[in-house]
Amino acid sequence: MTTPARPANRHHKRPRGEGQWALGYREPLNKNEELKKNDDGLNVRQRIIDIYSKQGFDSIDPADLRGRMRWYGIYTQRRPGIDGGKTAILEPEELDDRYFMMRVRIDGGRLSLAQLRTIADIANLYGRGTADVTDRQNIQLHWIEIESVPDIWERLEAVGLSTTEACGDTPRAFLGCPLAGIDTEEVLDGTPTVLEIRDKYIGDPAYSNLPRKFKTAVSGCPAHCTVHEINDVAFVGVVNDKGEAGYDLWVGGGLSTNPMLAKRLGVFVTPEQASAVWAGVIGIFRDYGYRRLRHRARLKFLVSDWGTEKFRQVLETEYLGHALPDGPAPEPPRNGRRDHVGVFPQKDGNFYVGFAPKVGRLSGDTLHLIADIAERHGSGRVHTTAEQKMVILDVAPDQVDSVVAELEANDLRVNPSTFRRQTMACTGIEFCKLAIVETKGAGANLIDELERRLPDFKQPLTINLNGCPNSCARVQVADIGLKGQLIVNDEGEQVEGYQIHLGGSLGVSSGFGRKVRGLKTTATELPDYVERVVRNFDKQRNEGETFSE
Ligand code: SF4
């Protein structure tokens, strides 16, 4: 039998398209693209109001249930009792609970007391009291029934909040410094830019069918609290050589299974130009982004293939119609910690008080309590941070001690240990259908154990727990990154555990943690493992040396 001859032009065949609209690939190349082409995700809102909320869970079209409802921040949550070993085996409908997770979009982390109380009421009325603050500054609720959704939207919209495009292949909530406008050292106040982009473009069908999610950060924060290095697009406050404050533009960052750091385009963007430039970058993503394979559909792959020079040229010529001037890089971040935990002065003589719930876990009652504490002390604003923390703003000097005492008395720590302050955990198996292991409980227990075992440890050290490789809690940029997976213990049983990434960081020496081959721990042994790593670091480090160094 003869082997068929290979085609002569095997190495010269036309490169396969990646589904870029701008190159003529308008026909859907996978199920997700088909779903979006069949009907825009934004259109599900009316069906939820008119049909699903009235006729109940079973009336929901599967394409809406597992697809378009995300355009309004709504996902089915994981059915309780299904272990992590089944995550990759079961069909999506077998993992679905009849309850939903709902993400409330909080652009720039900005919340008035009325908004905070509204979310607290919704959590208590419809979410069995659940409310977690996420590392994208959102508040996430669970146990939501489809029948409640219209009332929840009415309540949110009455105070200027929404869930529109909180998930899905859309421009998700914008990260912004919670201290914008009040930080004594800020480069500029990014708030007008955040609000302008939100008001112009969120809910706009022109940007509601993207290849995948699109994450934005806008900030003049001297601590770089909005982690611009890992967003699809980031506007970072700088001052140019004429002394004008504006933005340095970064594109193409993202973690997940193929992490990449964002790159500077080297342009200077004035605050007045920012919304048009944002529309240009997201327009490039929509038109040139890869739609064939979901795992190559984030902007970072396009930026990586094109390089920054081509990206800038396309932005300027095809989308803006004018060149942007060169601009400076941002100053290095203010100190080793990017959160805003503690008591610090504001520009206006008042103080802000940042505090640390444990791994972002709050509740409806706790949100009410926080609102009451803020109000009793003359504050009208409580903002969320990108580190699963919160900040009470505008506290008069003579009220600070009392605010701190009340927060501390309710286990909302203003002076937390390093472990409480710098440990984050994603949603994990409790509610997330993609999870392999539990995270929130493991994170809280880890904090308690490390505080007990290492009471004198004071160095900055980030510990991020993730329930799967998706890295919602940034596994690769933590000093100790923990990625959930099933592992075999000494008794030969398959149990929950974590793969360890060591030495990741953002800032002056941004880099991803090393995934040391074979370095894993079971969930049960996690506190022992982390204790050993921390003790070794403490023993071996030189004065001022950080973990990643
Ligand atoms: Fe779910 Fe994985 Fe994200 Fe955790 S990292 S919230 S388990 S998708």
Side-chain angles (χ1 to χ4, degrees), residues 32 66-67 69-70 73-90 92 95-97 99-104 130-144 166-169 172-173 175 212-213 215 227 230-232 254-259 294-295 297-298 358-362 386-388 423-444 446 462-478 480-487 496-501 504 512-513 515 523 526:
N32 293 81
R66 291 183 202 96
M69 286 174 69
R70 296 176 188 198
I74 307 170
Y75 281 85
T76 45
Q77 63 189 37
R78 186 187 189 92
R79 186 134 53 88
I82 301 181
D83 67 54
K86 306 256 170 49
T87 301
I89 301 169
L90 295 179
L95 285 164
D96 277 336
D97 201 352
Y99 297 92
F100 296 90
M101 177 206 99
M102 177 183 266
R103 202 171 283 160
V104 180
T130 56
D132 292 336
V133 58
T134 75
D135 60 3
R136 298 294 303 176
Q137 296 180 283
N138 300 301
I139 291 183
Q140 198 163 294
L141 311 170
H142 299 282
W143 299 111
I144 303 295
C167 303
D169 295 349
R172 309 273 184 100
L175 295 189
R212 278 209 68 183
K213 60 186 157 189
K215 296 183 175 179
V227 289
I230 54 171
N231 280 268
D232 293 281
L255 294 178
S256 200
T257 45
N258 210 327
R294 289 291 281 174
H295 68 266
R298 290 289 297 276
K358 218 180 265 178
V359 290
R361 179 124 289 181
L362 291 159
E387 306 276 331
Q388 301 181 337
T423 299
M424 295 203 294
C426 76
T427 301
I429 207 162
E430 185 183 9
F431 297 115
C432 177
K433 287 185 296 181
L434 302 176
I436 301 165
V437 307
E438 199 278 337
T439 48
K440 288 281 190 200
L446 180 63
T462 49
I463 304 175
N464 293 355
L465 288 91
N466 292 266
C468 82
N470 280 315
S471 199
C472 296
R474 310 179 198 153
V475 70
Q476 301 95 339
V477 293
I480 302 176
L482 300 162
K483 183 171 80 186
Q485 61 176 217
L486 295 177
I487 62 177
E496 289 196 2
Y498 300 91
Q499 181 174 54
I500 319 286
H501 292 237
F512 299 127
K515 185 166 58 178
L526 181 64

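Counting convention: from 1, in listed order, for ligands and their atoms alike.
- Within a radius of less than 2.8 Å around atom 4 (Fe) of ligand 1, the protein N, O or S atoms are C426 SG.
- In terms of the side chain to side chain donor-acceptor pair (under 3.5 Å) criterion, Q388 has no residue partners (sequence neighbours excluded).
- Residues forming a salt bridge (charged side-chain N to carboxylate O under 4.0 Å, His left out) with E496 (at least two apart in sequence, or on another chain): none.
- Counting all heavy atoms, side chain and backbone alike, L482 lies closest to I463 at CD1-CG2, 3.9 Å.
- Qualifying salt bridge (charged side-chain N to carboxylate O under 4.0 Å, His left out) partners for R66, counting only residues two or more places apart in sequence or in other chains: D96.
- Under 4.0 Å is where a charged nitrogen must lie from a carboxylate oxygen, and between D169 and R294 at least one such pair does.
- Between A473 and N466, the shortest heavy-atom contact is N-OD1, 2.7 Å.
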